[in-house]
Each structure stands twice: as structure tokens, then as C-alpha cells.
A.B. asks: 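Can you keep this structure in mind? I'll have questions shortly.
Just so it is clear, the structure is predicted and the values come from calculations on it, not from any experiment.
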Protein chains: 2
Amino acid sequence: MNEMTARNEKRTPCESCPLRKLDHFRAFTGEELAFVSQFKTGELAVDGGATILVEGAHSAHLFTVLSGWGFRYKMLDDGRRQILNYVMPGDLIGLQGSLMGEMQHSIEALSPVTLCVFERGKLNRLFENYPELAYDLTWIAAREERILDENLLSIGRRSALERAAYLIAFLYQRAEVLDLFSNSRVAIPISQQHVADTLGLSIVHTNKTLKKLAERGLIRWAEKGCNVRDIDGLLAVSGWEGLREPKRPFI
Amino acid sequence: MNEMTARNEKRTPCESCPLRKLDHFRAFTGEELAFVSQFKTGELAVDGGATILVEGAHSAHLFTVLSGWGFRYKMLDDGRRQILNYVMPGDLIGLQGSLMGEMQHSIEALSPVTLCVFERGKLNRLFENYPELAYDLTWIAAREERILDENLLSIGRRSALERAAYLIAFLYQRAEVLDLFSNSRVAIPISQQHVADTLGLSIVHTNKTLKKLAERGLIRWAEKGCNVRDIDGLLAVSGWEGLREPKRPFI
DNA sequence: CGGCACTTTGACTAGAATCAAGGTGCGTGG
DNA sequence: CCACGCACCTTGATTCTAGTCAAAGTGCCG
């Protein structure tokens, strides 16, 4: 578990943020953009495998993922790990910690990740002067809640096969709307251990379950990652209706 | 599943809200109180077993629980049900639906419940004019997220016995700070079916698991509910450190 | 070439689901 | 007042899903 690497000062100006171009995200007014731009205090680049935020810490920062994949997790004392959700470009991380003091989960990078850094202390100003952004923040928290609801349903009530299909379909659809698969066929950068720790299964059983999905031609496990061959098939197996997300805000 | 009962017009004025007296909640300024008071458009009383909000609905309302217990859940097409969280006095419900349109979970009353009714349309005014309350709303959403994180950890990684102990300790502690057990020894008003649907277990296995907790003298199942005999014992079995919540806001 | 991280497979075990009954307490209507 | 239905809890037997153990295969890097 390597540490964060250098703070990268050649920052991407918010005005030309590549994420803003995706029509998956809601547009900002000029004023809001100006605020966000000065709310952002820097950029951070971390390696794959690095810990971005750690349980128990009182971080002075709040981040938005600019590029790369990561995951949020909690651990029990004896080492059992539960992955709670994944983070992708446009996702805000550390809000829980910023509002309530202590982080109660950790976040780790799955691939090299670039983060926009925000000062927690400036959050008040956001609430005071930018009601639209405050609304967005609440919206973002409610979205996370929704995702967790669905995950809970999945782990609590779906069978191993359904769960696995759900997870992969979920990750695929989230990445899809971010255009993460457009240039070159990119795989979902997770190991079977990650899948196991997300689904609440052992790694052996996870392997056998994924094999079934592969045999049905729905996925292919290759070069340390998962390729989706048939998203509709995955959705059918999982019994999930898919992500139905409107344009969303991001900070 | 009976429907909502009459709208009760003899409303509890926010100024003399009994919940506000609990020192578990953060105090309001007079101005905030005045806003909340006019944000509240009525009161609603529902019977135990009634559905308060239903998945798929576009509710024009937002509620705060004034008294009683309920739970949030999702169902799969074939009837499998997962309980996501419980609601108790002071909890805000329907925020997800208010912000994002459609409800993606249902809420059902466990006991007779009284609700303060708020108009979703007035939410904008809250964000525009009461940054402190907007902050509180985000805080509340982040709190729910935390609870879901812990639940996910529990269902994904804890054993049946640990899970059951965790759930009961969790409900007990939440109710405790609300003074719900002060007068007369009140039980947690859930059936074993609810426990099963929360833990992701079958009802038979849940019964056997709860029996073990009872044999150890940690709980007693009686008159359609659960009595906690030894909260520290439950916490020890679950491996959970307990609720560590600062004073929280409520709307 | 050896080590390491990750995947794969088979054999065995354990934990949880399912099946099947029966028990308890309560409210309702004959 | 009793009988019946109903909702909920309890228990034992059986089945099956998922966990554990053990070992070996693959690809990559130093």
C-alpha cells in the first residue's frame, strides 16, 4: 500500500475540465464555475493501489475524481474487507468525512488516479453563497445512498450469480456514460478479489461464479480485468433494470 | 397493507416540538425555527403496517418522523425483500425522492407513526435562504450513507450471529438516545421476519440465530418484539464499536 | 530463473436455505 | 364461551450454496 505521490501543480483549469464536456453532467453557470475554480486548491496524482483516504483520519480535504478508478471500503479487525462502492471520474469523495469529522471508510485507487483537491474549510462559503451547488451536494449524497440501497438489496437478497452479474453490469454502465470504453477496448480494472470483497463471497466461489458468466458468453476475464461481452445478458441474469440516471451535477 | 389514515390537523407546533428538547439534537436559531415551522404544512398519522411511501411514486412530500417506528425497504420482482434501514423519531424521509424524482424504495410503519409533512416545492427556498439548514440536509444524507456503509459491511462480511447482534445493538442504541425506552420497558417493535429481511437470512435461520443470543442472555424475544438484556454483550458479539454520533441536526 | 500476484480447479466441510410440522397467543364470529 | 383462523415463533430433518483447504497454473518483473 504505497502512499500518495507528488502533488501535481500543472492543474487542469475547471473552465476546460474534460468531464464537463460529457453530456452526462449538468452544466454550470459561469458564476458557479468561477467559485468551483477557486474552491479547487490543487491536483493530486496517486498510483494504482495507493490509499487515498483512510478510515479514522480527519482529512482537511475533499476530492473530485478527475480520472481513474478507485473503491471505497471498510474493514473488520480480523481483516475481512467489504467494498462499499466504486469511484470513477466525476465522483466526489470525502464528503462524509468533511461534514462529520472522521472518515469511517477508506478509499483506494484501482488504477492511477488524478484528483481535484478542495479545501474543506471553504464548504461553508459554498453553502452560504451558492445554493445551487449546495443542492447539488445534497443530490450527490442522495445518489450515493441510492447506489448503496441497491447494493444492499443485491448482497442481502440476490444469489451469487445474480449478484455478480449485477455488479459487473453496474460498473459497466457507470463507466459507459463516462465514455471510459470509447477509445480502445478497456476492461474494468478489478481483480476477482475485489469482486469477492464487493459481493460478500469468498474468492474461490467468486471465481466459480464468474466462470459461469464467462461460459454463458456474458463476460471475459482478461489482462487483470473484466470485459463485458453482453450487457443485456448481464442485466437479464441479475434481474436489475439498469442505471436510470438523469443528467447529474458534479462539483 | 392498509392505507394512510386521516390527516391530523391538530398539529404539534415546531416551537414546542418534543424532539427538540432531546439534547441529542442540535438547537435551531429562532429564524430557522420560524422557517421550518412554515415549511411544515401538516401532520399525518398512519397505522402500524401502513405503507408511508412506495417505490416508483413521485411524492410531493417530504416527512420527518415525529413518533413511531418504520423501515425502508426494496423488493425484487419475485417478492424477496431487503430492509435497508429503520426510521425513528427525528428522521427525515423521502429526501431521495424529493431530490431525484422517483422513489426507489418503500417505507412502511412498524407501529403507529406520526409524521410532519413538508412541501417538496419549498425545498428551493430552504437552499436559497437557509444555508445552515441546507448544510443540515446534506449532513443528514451523509449520516444515512454511513449507516448503510455499516450495514453493508455487516451483511457482506459478518457471520449470522455477529450480524444479528449488530442489528439489535444498532436499533437499541438509536432508540436509546431518543429516550424511547425511558418510560416503561418498551421492546423494539419488530418481528423475526423483519430481522431476517434486514440481515439477508431466511426466517428459520434467523430464529435459530436469535435463539443463541437469547440463550446467552443478551436479548429476550417477547410480546412481538425484542428486549435487550445486555447491550455490551451484543456489542462484544458483533465486534462493532457502537454508535458514536455527535449532536445531530434535524429538520 | 525465481518470486509474486492473480486465477483456476478439485475435494471436503460448514453454514444457511428449504421443507415440513407443530406450538402459542389473540381476535372474531358463531 | 368456544372454535377457528391468523400471524408469528419454534424445531427437526434434509438439501444445497458457499466457505475452506490444498495445490497447481499463468503471466509478469527483476
Side-chain angles (χ1 to χ4, degrees), chain A residues 1-2 47-50 76 78-83 108-111 154-165 167-168 187-215 219-227 237, chain B residues 1-2 47-50 76 78-83 108-111 154-165 167-168 187-215 219-227 237:
Chain A
M1 223 175 270
N2 19 359
D47 294 335
L76 292 172
D78 60 6
R80 284 175 286 178
R81 178 175 76 169
Q82 178 64 39
I83 295 181
E108 187 176 318
L110 276 169
S111 64
S154 204
I155 298 195
R157 288 300 178 205
R158 285 194 244 248
S159 70
L161 194 71
E162 290 169 333
R163 265 184 250 186
L167 173 64
I168 295 171
I188 298 171
I190 52 176
S191 71
Q192 299 193 357
Q193 184 68 65
H194 293 120
V195 176
D197 287 350
T198 310
L199 302 183
L201 298 172
S202 73
I203 188 168
V204 174
H205 195 63
T206 298
N207 179 274
K208 288 168 183 169
T209 304
L210 290 173
K211 197 185 164 196
K212 280 186 200 158
L213 291 179
E215 277 164 357
I219 62 168
R220 211 163 63 86
W221 211 267
E223 340 89 51
K224 291 180 193 301
C226 175
N227 289 290
V237 169
Chain B
M1 223 175 269
N2 19 357
D47 294 334
L76 292 172
D78 61 5
R80 284 175 285 178
R81 178 175 76 169
Q82 178 64 39
I83 294 181
E108 187 176 317
L110 276 168
S111 65
S154 204
I155 297 193
R157 289 300 178 205
R158 285 194 244 251
S159 70
L161 195 71
E162 290 169 334
R163 265 185 251 187
L167 173 64
I168 295 170
I188 299 172
I190 52 176
S191 71
Q192 299 194 356
Q193 185 67 66
H194 293 118
V195 176
D197 287 350
T198 310
L199 303 183
L201 298 172
S202 71
I203 188 168
V204 174
H205 196 64
T206 298
N207 178 273
K208 288 168 184 170
T209 304
L210 290 173
K211 198 186 164 194
K212 280 185 201 158
L213 291 178
E215 277 164 358
I219 62 168
R220 212 162 64 83
W221 211 268
E223 343 87 52
K224 290 181 194 301
C226 175
N227 289 290
V237 169

A.B. asks: By nearest heavy atom, map A:L201 and A:K224 onto DNA chain D; which one lands nearer the 5' end?
C.D. replies: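 The 5'-side residue here is A:L201.
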A.B. asks: Kindly say if B:Q193 contacts the phosphate of D:dC9, meaning a side-chain N or O under 4.0 Å from OP1 or OP2.
C.D. replies: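 The answer is no; no side-chain N or O of B:Q193 sits under 4.0 Å from OP1 or OP2.
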A.B. asks: Given C:dT7, D:dC9, D:dT20, which nucleotide is nearest the side-chain atoms of A:S202?
C.D. replies: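 For A:S202, the side-chain atoms sit closest to D:dT20.
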A.B. asks: Counting only side-chain heavy atoms from C-beta out, which of D:dA18, C:dA16, C:dT7 sits nearest to A:R163?
C.D. replies: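 Among the listed nucleotides, the one closest to the side chain of A:R163 is D:dA18.
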A.B. asks: Of the nucleotides D:dC8, D:dA18, C:dT7, which has the atom closest to the A:S191 side chain?
C.D. replies: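 Minimum distance to the A:S191 side chain belongs to C:dT7.
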A.B. asks: Rounded to the nearest Å, what distance is computed from the CD1 atom of residue A:I203 to the P atom of nucleotide D:dT20?
C.D. replies: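 Atom-to-atom, A:I203 to D:dT20, this comes out as 12 Å.
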A.B. asks: Specify the separation, in whole Å, of atom NE2 of B:H205 and atom C1' of D:dC16.
C.D. replies: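 Checked: the NE2 to C1' distance equals 14 Å.
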A.B. asks: Tell me whether B:R163 contacts the main-chain N or O of B:R158 through its side chain, where contact means a donor paired with an acceptor under 3.5 Å.
C.D. replies: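 Flag set: sc B:R163 to bb B:R158 pair under 3.5 Å.
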A.B. asks: Counting the atoms with a prime plus P, OP1 and OP2 as sugar-phosphate, which does B:G225 contact under 4.0 Å by heavy atoms, base, sugar-phosphate, or nothing?
C.D. replies: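 No contact.
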A.B. asks: Nearest whole Å is fine: how far is C:dC6 P from A:K208 NZ?
C.D. replies: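 Answer to the nearest Å: 20 Å.
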A.B. asks: What integer distance in Å separates A:W221:CH2 from C:dT9:C1'?
C.D. replies: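 Interatomic distance, CH2 of A:W221 to C1' of C:dT9: 17 Å.
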A.B. asks: Could you check how far NZ of A:K212 sits from P of C:dT8, rounded to whole Å?
C.D. replies: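 After rounding, the gap between these two atoms is 15 Å.
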A.B. asks: A:L110 has an atom CG; how far is it from atom P of C:dC6, in whole Å?
C.D. replies: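 Interatomic distance, CG of A:L110 to P of C:dC6: 11 Å.
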A.B. asks: Quick one: A:L199 CG to D:dT17 C1', roughly how many Å, whole number?
C.D. replies: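 For the pair A:L199 CG and D:dT17 C1', the rounded distance is 15 Å.
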A.B. asks: If you compare every side-chain N and O of B:K211 against the phosphate oxygens of D:dC9 (OP1, OP2), does one of them come in below 4.0 Å?
C.D. replies: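 It does not, given that no N or O in the side chain of B:K211 lies less than 4.0 Å from OP1 or OP2 of D:dC9.
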A.B. asks: Is it true that a side-chain atom of A:R81 and a backbone atom of A:T198 form a donor plus acceptor pair closer than 3.5 Å?
C.D. replies: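 Here the side-chain-to-backbone pair does not exist.
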A.B. asks: Which one, D:dC9, C:dT7, D:dA18, comes nearest to the side chain of A:N207?
C.D. replies: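 The closest nucleotide is C:dT7.
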A.B. asks: Quick check: closest heavy atoms across A:A165 and A:L213, and the distance to 0.1 Å?
C.D. replies: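 It is N-CD1, 3.9 Å.
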A.B. asks: If you only use heavy atoms from C-beta on, which nucleotide in D:dT20, D:dC9, C:dT18 is closest to the side chain of A:V204?
C.D. replies: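 It is D:dT20.
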A.B. asks: Locate the shortest heavy-atom distance separating A:L161 from A:K212; write the atom from each residue and the value.
C.D. replies: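 For A:L161 and A:K212, the tightest heavy-atom pair comes out as CD1-CB, 3.8 Å.
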A.B. asks: Kindly give the heavy-atom pair with the smallest separation between A:T206 and A:Q192, and that separation in Å.
C.D. replies: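 The answer is CG2-O, 3.8 Å.
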A.B. asks: When the distance from CG of B:L213 to P of D:dC9 is rounded to whole Å, what number comes out?
C.D. replies: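 After rounding, the reported distance stands at 15 Å.
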